[in-house]
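In each ligand, atom 1 is the first atom listed, and ligand 1 is the first ligand listed.
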Amino acid sequence: MLVYAGSASKYLGLKLSKILNIEYVNVETRKFPDGELYIRVDKEPLNEKALIVQSMYKTPNDYLVEYLFLSKTLKELGAKEVIGVIPYFPYARQDSRFKPGEVVSLQVVVDLLEKMGTDKVITVDMHLHRVHDLNEISKIPFVNLSVMEDIGKFFMKKFGNEDTIVVGPDEEAEQWAKKVAYILNVQYTILEKTRLGDLEVKIEKVEKEDFKNKNVILIDDIISTGGTIEAAVKKVKAQGAEKVFVGCAHAILAQTAEYRIFRAGVEELVASDSIPSPYSVVSIAPVIADYIKKFLL
Ligand code: R5P
């Protein structure tokens, strides 16, 4: 097996090659003056499995095109199997035609991967809302791993037995809140969220919950504009929370997200390195490497 990393995930690719003790192949990418993309790999994967590591955040279209060029090319160059490691999988939220005439972007991306030679995809804590398993809409297998246990372990070092509760900002976040709470051996609860627009959400608490004198750990899969976390922090603080910490798999941190989160009173943001940022203190490499060791090597 050989590791090829796209320009979004060079460091993650290196980490995986180190843990798995498999060769990391340099991928040269550059833009022509007109913006078109040039790619060349230093080693051809003849009769080898090829792992393409590319998290598709912030400039998802650029990273997607780069991935597709690589996938098709590695297959043409003789790869036995092309395995996409796409920790942050883009367009997951546009999984339905909500209004007539809309593009179901998730389906388009899934189809493109298969058409361009990818045989299998590994994602991490993917945003699965109406489609609960990508295998329902894909011809190639998808495996969705989770970094939430490792985020839980990170928080465990901080809190010990202090009075802590894990909170998911919406119904969907229950699956992640539950995993973190299990590791910490504490209670979890979820809030009720209504999205008012791209930047604003309204958060309510379903049951009456008292966060008085408790440390709250808010857990979500994605932080994009920070609107969800900002509203959730305000809510739990209004209900008596002492200190609020935030954990997430994919810190996109679009626009003024950091400002919104910290202004709302968050003590610390803990994110994975699926999207590199100063908050990437938990790595997804071990959980991906474990899966590859068990099932793909
Ligand atoms: C949506 O339901 C997701 O789980 C996240 O809560 C959402 O993507 C966060 O977005 P934002 O930071 O823009 O509120």
Engineer: Within this structure, what is the CG-CG distance for the pair Asn21 and Leu16, rounded to the nearest 0.5 Å?
Structural biologist: 12.5 Å

Engineer: I'd like to know if Lys237 pairs up with Glu267 as an ion pair, taking the criterion as any Lys NZ or Arg NE/NH1/NH2 lying under 4.0 Å from an Asp or Glu carboxylate oxygen.
Structural biologist: no

Engineer: Give the numbers and elements of all ligand 1 atoms closer than 4.0 Å to a heavy atom of Glu172.
Structural biologist: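 It comes down to these atoms of ligand 1: 2 (O), 4 (O).
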
Engineer: Heavy-atom contacts with Lys193 under 4.0 Å: which atoms of ligand 1 show up? List them by number with element.
Structural biologist: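 Selected atoms, number and element: 1 (C), 2 (O), 5 (C), 6 (O).
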
Engineer: What protein heavy atom sits nearest atom 8 (O) of ligand 1, and how far off is it?
Structural biologist: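 Here the nearest protein heavy atom works out to Arg93 NH1, 3.1 Å.
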
Engineer: Decide, yes or no, whether a salt bridge links Arg40 with Glu28 under the criterion of side-chain N to carboxylate O below 4.0 Å.
Structural biologist: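 Judged by the 4.0 Å cut-off on N to carboxylate O distance, Arg40 and Glu28 do form a salt bridge.
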
Engineer: Quick test: of every protein heavy atom, which one is nearest to atom 14 (O) of ligand 1, and how far off is it to 0.1 Å?
Structural biologist: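 Result for atom 14 (O) of ligand 1: Thr228 OG1, 2.6 Å.
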
Engineer: Which residue and atom name correspond to the protein heavy atom nearest atom 1 (C) of ligand 1, and how close is it?
Structural biologist: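 Residue, atom and distance for the closest contact: His127 CE1, 3.2 Å.
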
Engineer: Just let me know how His129 lines up against ligand 1, side chain, backbone, both or neither, with a heavy-atom cut-off below 4.0 Å.
Structural biologist: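 Looking at His129 and ligand 1, no heavy atom falls under 4.0 Å.
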
Engineer: For ligand 1, is Val201 a contact, meaning one of its heavy atoms is under 4.0 Å away?
Structural biologist: no

Engineer: Which residue is it: Val82, Val85, Leu74, Leu51? I am looking for the one with a side chain to side chain contact (heavy atoms under 4.5 Å, CB included) to Tyr4.
Structural biologist: Leu74

Engineer: Just which atoms of ligand 1 are under 4.0 Å from any heavy atom in Ile223?
Structural biologist: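 Within the 4.0 Å cut-off of Ile223, ligand 1 contributes 12 (O).
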
Engineer: Stepwise, does the salt bridge (Lys or Arg N to Asp or Glu O under 4.0 Å) test hold for Asp119 with Lys49?
Structural biologist: CA-CA 10 Å; Asp119 297 288; Lys49 290 183 181 177; over 6 Å; no

Engineer: Report the nearest protein non-hydrogen atom to atom 9 (C) of ligand 1: residue, atom name, distance rounded to 0.1 Å.
Structural biologist: Ile222 O, 3.4 Å

Engineer: Pro90 and side chain to side chain contact (heavy atoms under 4.5 Å, CB included): which single residue from His127, Met56, Lys58 fits?
Structural biologist: Met56

Engineer: For atom 5 (C) of ligand 1, grab the closest protein heavy atom and report residue, atom and distance to one decimal in Å.
Structural biologist: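 It is Asp220 OD2, 3.3 Å.
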
Engineer: Below a 4.0 angstrom heavy-atom separation, can you tell me which part of Asp221, side chain or backbone, both or neither, approaches ligand 1?
Structural biologist: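 It is the side chain that gets close, since no backbone atom is under 4.0 Å.
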
Engineer: Can you tell me which residue and heavy atom of the protein come closest to atom 13 (O) of ligand 1, and the distance to 0.1 Å?
Structural biologist: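 So the nearest neighbour among protein heavy atoms is Thr225 OG1, 2.6 Å.
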
Engineer: Would Arg260 count as a cation-pi partner of Phe262, with NZ or CZ less than 6.0 Å from the six-membered ring centre and within 45° of the ring normal?
Structural biologist: no

Engineer: For ligand 1, is any non-hydrogen atom under 4.0 Å from Arg195's backbone (N, CA, C, O), its side chain (CB onward), both, or neither?
Structural biologist: side chain

Engineer: Any nitrogen or oxygen of Gly226, main chain or side chain, under 3.5 Å from a nitrogen or oxygen of ligand 1?
Structural biologist: yes

Engineer: Would a 4.5 Å heavy-atom cut-off, applied to side chains only, mark Val110 and Phe89 as touching?
Structural biologist: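 Yes, at least one pair of side-chain atoms sits under 4.5 Å.
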
Engineer: Answer yes when Lys243 and Glu268 have at least one side-chain N-carboxylate O distance shorter than 4.0 Å, and no when they do not.
Structural biologist: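 Answer for the salt bridge query: no.
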
Engineer: So, Ser7 versus Glu66: side-chain donor-acceptor pair below 3.5 Å or not?
Structural biologist: yes

Engineer: Examine ligand 1 and decide if any of its atoms is less than 4.0 Å from a heavy atom belonging to Glu230.
Structural biologist: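 No heavy atom of Glu230 comes that close to ligand 1.
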
Engineer: Indicate, as side chain, backbone, both or neither, the part of Asp170 found under 4.0 angstrom from ligand 1 when only non-hydrogen atoms are considered.
Structural biologist: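 Contact part for Asp170 vs ligand 1: side chain (C-beta onward).
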
